[in-house]
Amino acid sequence: MADDKKLPTRAADFSAWYNEVVLRSELADYSPVRGCMVIRPRGYGIWERMQRQLDTMFKDTGHENAYFPLFIPESFLKKEAQHVEGFAPELAVVTHGGGKKLEEPLVVRPTSETIIYAMYAKWVQSYRDLPILINQWANVVRWEMRTRLFLRTTEFLWQEGHTAHATPEEAEEETRKMLGVYRDFMESYMAMPVVTGMKSDAEKFAGAVRTYAVEAMMQDNKGLQAGTSHNLGQNFSKAFDFTFQTEAGGTEYAWNTSWGVSTRMIGGLVMTHGDDKGIQVPPLLAPIEVVIVPIYKADDERARMLEAAEKVRAELHAWERRAPGKLRVHVDKREGIKPGAKYYEWELRGIPIRMELGPRDIEKNQAVLVRRDTGVKTTVSLETIGEDVADLLHAIQDSMLTAARDRRESNSYRGEITYERFREIIEGPGGFVYAGWCGGAACEAAIKEETKATIRVLPDEEFRSAEPMKNCLKCGANAVFEALWAKAY
RNA sequence: CGGGGCGUAGCGUAGCCCGGUAGCGCGCCUGCUUCGGGAGCAGGAGGUCGCUGGUUCAAAUCCAGUCGCCCCGACCA
């Protein structure tokens, strides 16, 4: 009986654990349509906080929001050869509207490059109109063969930034800058460390000149591409005749970038921080940071405790911490549920701090704080509760990142490695393997075929090994790149 | 699309082989007692057994078909 309250363990079946924990923590639920999901308030609350923070970061880097339509003429998709080839298999196409067959089918956007650059072409005449720095928050649809809650669903929410520049240097700078924004967000807010780098040609976005990505390691040691930033060069501007007059008076195609992160990040959050008790939401993204569980026996005591809890809540709410924003506190006033049952429930939902407030505490003018991440209990005075809670939240945020980084590093493999050893790792415990690569597509494809591992990124300098790689993991020829290999979602 | 599994109350399931009017746990509702780690007792509500057809006096159970979902694999953020 107690067993059906327990989650499957990560060790026994990571995939079952993931599905259960997402459903039971009420982040999301399956929809009646195959491959689609409903994002429930507890999940959407996290998304809203992600959005708010990212949106601020985009604005701070000079971007504005706009909105482009859901429907794209089918012919637009076909204008960029690589792009259409990449997306054709997963398009949802509308053929009828208003009871009539449409003259031209409309594609439900899988991404918005085509419609956006078609519009930019219309808006830009001169280099003085550049750069254009626009972001949009939207839903997109990709008809995937196999879906998983948050990680890959038919429809998902994301943001897509689309910029246009007068020079390739500026476009490259923008591409790198936004990758940096993603990294900062993921580490500082999600407490999810990432490796940044460039994608191999085989893995890059359909239509991009170069794709950069941030890659995180999940607890099953698989990689998760958490965000991408593309330097599109002039591929789309040529396809859509997006030109501008240069300072010198000539005509040139614009240089574009696009970059995006999606609700997939929530899946990353779950698989980075979740444990066998449930999910763990880092304080900065938690819709509720502190849950107060009042403890009482008799009715009169109940009234007193609720009053005390409410008072503490108000005090915390009013407390201005270093970072702007109020402490987000919830009092669990439900009757007929024992405190212990509430503890389990809030642990499942990943609230960073639980505050237990009972008669014994009130007597001593104190409260008990319990960290979700470590389970450590501390007793603090109600006099300093605001500061203590804020400090603890800060500490939790930090230690979640540290724990995730330690886990990643202890499952990363560096240095010269034989292909046999590589296979042992990939087919056994999994993890990130940094190894030399000759740059040949044949070696890359063979390794993927034989081990299911792919090049996640060609890591940026800071993530590369101290000693340069000498030989290609597969063919033994001189290594041209150091590649990060892993199985991935 | 290939392989595997599953559709019985809100959730998890038993019953199916061997047809005979559907059971259990959790949850839910009411009341009393409880309440510092998943409460106890008593009473109660809730099911066209995924759908369609067939066999039969009789189908959750047997047969045929069909729909859906989940998991594993091939494609992808």
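Both backbone and side-chain heavy atoms feed into the values below; hydrogens, waters and symmetry mates do not. In the text below, chain A, chain B and the rest are named by the order of the sequence lines, each starting its count at 1.
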* **Side chains of A/T111 and A/F87 in contact at under 4.5 Å (non-hydrogen atoms)** => yes
* With rounding to whole Å, what would you report as the distance between B/A64 and B/C18 at their P atoms? -> 15 Å
* Calculate the interatomic distance between A/W143 atom CH2 and B/C1 atom P; express it in whole Å. => 14 Å
* Asked: Does a distance-only test, which skips hydrogens and angles, find a donor-acceptor pair under 3.5 Å between the side chain of A/E347 and the base of B/G37?
  -> yes
* To do: Considering only atom C1', compute the distance from B/C6 to B/A60 and round it to an integer number of Å.
  => 15 Å
* To do: Determine the contact category for A/S31: base if any of its heavy atoms lies under 4.0 Å from a base atom, sugar-phosphate if only primed atoms, P, OP1 or OP2 are that close, otherwise nothing.
  => nothing
* Could you tell me whether A/E345 and A/K342 make a salt bridge, using a distance below 4.0 angstrom between a side-chain N and a carboxylate O? => no
* Asked: How far does the C1' atom of B/A59 sit from the matching atom of B/A22, given to the nearest Å?
  -> 13 Å
* To do: Consider the side chain of A/S262, meaning its heavy atoms from C-beta on, and name the nucleotide among B/A39, B/A77, B/G37 that approaches it most closely.
  => B/A77
* Answer yes when A/E462 and A/R183 have at least one side-chain N-carboxylate O distance shorter than 4.0 Å, and no when they do not. => yes
* Asked: Touch check for A/S15, heavy atoms < 4.0 angstrom, all strands: base, sugar-phosphate only, or nothing?
  -> sugar-phosphate
* To do: Check every strand shown and say whether A/V140 touches a base, only sugar-phosphate, or nothing at a heavy-atom separation below 4.0 Å.
  => nothing
* Asked: Taking only residues at least two apart or on different chains, which pairs with a member in residues 276-288 of chain A satisfy salt bridge (Lys or Arg N to Asp or Glu O under 4.0 Å)?
  -> A/R10-A/D276
* Structure fact -> Atom CZ of A/F87 and atom P of B/A77 are separated, to the nearest Å, by 7 Å
* Describe the nucleic acid contact of A/R302 in one word from base, sugar-phosphate, nothing, applying a heavy-atom distance below 4.0 Å. => nothing
* **Proximal nucleotide (of B/G36, B/C76, B/A77) relative to the A/I295 side chain** => B/G36
* **Lys/Arg-Asp/Glu bridge criterion (N-O < 4.0 Å) met for A/R372, A/D275** => yes
* Which of these nucleotides, B/A39, B/G37, B/C76, is closest to any side-chain atom of A/K338? -> B/A39
* Rounded to the Å, how far apart are A/E345 CD and B/G37 P? -> 17 Å
* Would you kindly give the CH2-to-C1' distance between A/W346 and B/G38, to the nearest whole Å? => 15 Å
* Asked: Hey, does the side chain of A/R34 come within less than 4.0 Å of B/C70's phosphate (OP1/OP2), counting only N and O?
  -> yes
* To do: For B/G12 versus B/C28, give the span between their C1' atoms, rounded off to a whole number of Å.
  => 15 Å
* So, A/Q280 versus A/D373: side-chain donor-acceptor pair below 3.5 Å or not? -> no
* Inter-nucleotide P distance (B/G4, B/G20), Å rounded -> 30 Å
* Which part of the nucleic acid, if any, lies within reach of A/Y30 when heavy atoms closer than 4.0 Å are counted: base, sugar-phosphate only, or nothing? -> sugar-phosphate
* Identify which nucleotide among B/G37, B/G73, B/C70 has an atom closest to any side-chain atom of A/K452, counting heavy atoms from C-beta outward. => B/G73
* Asked: Of all the choices, B/G36, B/G37, B/A77, which nucleotide is nearest to the side chain of A/R354 once you look at every atom?
  -> B/G37
* Asked: How is A/L224 classified with respect to the nucleic acid when contacts are heavy atoms under 4.0 Å: base, sugar-phosphate, or nothing?
  -> nothing
* Using a 4.0 Å heavy-atom cut-off across all strands, classify A/N19 as base, sugar-phosphate, or nothing. => sugar-phosphate
* **Listed nucleotide nearest any side-chain atom of A/R142, set B/C76, B/C70, B/G37** => B/C76
* **Separation of B/C1 C1' from A/E144 CD (nearest whole Å)** => 15 Å
* Within this structure, what is the CG-to-C1' distance between A/L23 and B/G12, rounded to whole angstrom? -> 13 Å
